Amino acid sequence: MSAERKRSLSIAGHRTSVSLEDEFWDALKQIAAGEGRSLAALIAEVDTARGNINLSAALRLHVLAHYRRLAGEQG
């Protein structure tokens, strides 16, 4: 797994930065593309629903949940 990479983005009109490993960035891009929406839209949705955990952790958990759902559908 790669080291964390920090990226800056806008969510709901404010700038923030998120640190994730390249593999998670790639997975988020694939998930967004598969759902026919932008990466920014996906991140904004996760941000809205994340509760009290930090955004990086919420994004990692979103990726995990997505692939667990796929594994459940295939298995």
Side-chain angles (χ1 to χ4, degrees):
M1 192 167 282
S2 65
E4 287 185 359
R5 181 179 306 250
K6 184 178 276 193
R7 299 199 185 172
S8 296
L9 50 114
S10 290
I11 301 173
H14 69 276
R15 298 287 291 170
T16 189
S17 38
V18 178
S19 295
L20 291 172
E21 296 77 10
D22 286 335
E23 293 83 356
F24 283 102
W25 285 117
D26 292 343
L28 287 165
K29 288 176 194 172
Q30 290 173 357
I31 292 166
E35 295 175 354
R37 58 184 169 158
S38 69
L39 178 60
L42 174 63
I43 292 173
E45 179 183 299
V46 172
D47 182 50
T48 300
R50 70 186 165 105
N52 291 327
I53 64 172
N54 72 51
L55 183 54
S56 295
L59 291 168
R60 287 184 186 97
L61 290 171
H62 184 82
V63 169
L64 177 62
H66 174 81
Y67 287 110
R68 280 185 170 169
R69 280 192 302 275
L70 286 180
E73 290 171 7
Q74 295 174 0

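As the structure is a computational prediction, the values presented were derived from the model and not from experiment.
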Colleague: Looking at every non-hydrogen atom in both residues, tell me the closest pair between I11 and A44 and how far apart they are.
Modeller: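 Taking every non-hydrogen atom into account, CG2-CA, 4.1 Å.
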Colleague: Under 3.5 Å, side chain of S19 to main-chain N/O of E4, donor-acceptor pair present?
Modeller: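 No; judged by distance alone, with no hydrogens or angles, the pair does not exist.
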Colleague: Take I53 and L61 through the side-chain contact (heavy atoms from CB on, under 4.5 Å) test and state the conclusion after the steps.
Modeller: CA-CA 10 Å; I53 64 172; L61 290 171; 3.8 Å; yes
Colleague: Nearest 0.5 Å please: distance from the CG atom of L64 over to the CG atom of L59.
Modeller: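 It is 12.5 Å, given to the nearest 0.5 Å.
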Colleague: Please report the closest heavy-atom contact between R5 and D22, naming both atoms and the distance.
Modeller: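 For R5 versus D22, the nearest heavy atoms are NE-OD1, 2.7 Å.
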Colleague: With rounding to the nearest 0.5 Å, note down the distance linking CG in L55 to CG in L9.
Modeller: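 Reported to 0.5 Å precision, the distance equals 7.5 Å.
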Colleague: If two hydrophobic side chains count as joined below 4.5 Å and joins carry through other members, does Y67 share a cluster with F24?
Modeller: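 Yes: a chain of side-chain contacts under 4.5 Å links Y67 to F24.
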Colleague: Measure the NE2-CG distance between H66 and L28 for me, rounded to the nearest 0.5 Å.
Modeller: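 Going from the NE2 atom of H66 to the CG atom of L28 covers 9.5 Å.
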Colleague: If you count the non-hydrogen atoms of other residues, nucleotides and ligands that lie under 6.0 Å from CZ in R15, is the total more than 12?
Modeller: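 More than 12 within 6.0 Å, yes.
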Colleague: For the residue pair L20 and W25, what are the closest heavy atoms and their distance?
Modeller: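 Looks like O-NE1, 3.2 Å.
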Colleague: Check the hydrophobic clustering (I, L, V, M, F, W, Y; side-chain heavy atoms under 4.5 Å; chains of links allowed) and say if L70 and I31 are grouped together.
Modeller: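 Yes; I31 is reachable from L70 via cluster members.
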Colleague: Nearest 0.5 Å, please: how far is CZ in R60 from CD in E21?
Modeller: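 Atom-to-atom, E21:CD and R60:CZ are 4.5 Å apart.
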Colleague: If you measure from CG on L39 to CZ on R7, what distance do you get to the nearest 0.5 Å?
Modeller: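 Here the rounded value is 8.0 Å.
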Colleague: Drop me the distance from R37's CZ to E45's CD, to the nearest 0.5 angstrom.
Modeller: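 Between R37 CZ and E45 CD, I get 4.0 Å after rounding to 0.5 Å.
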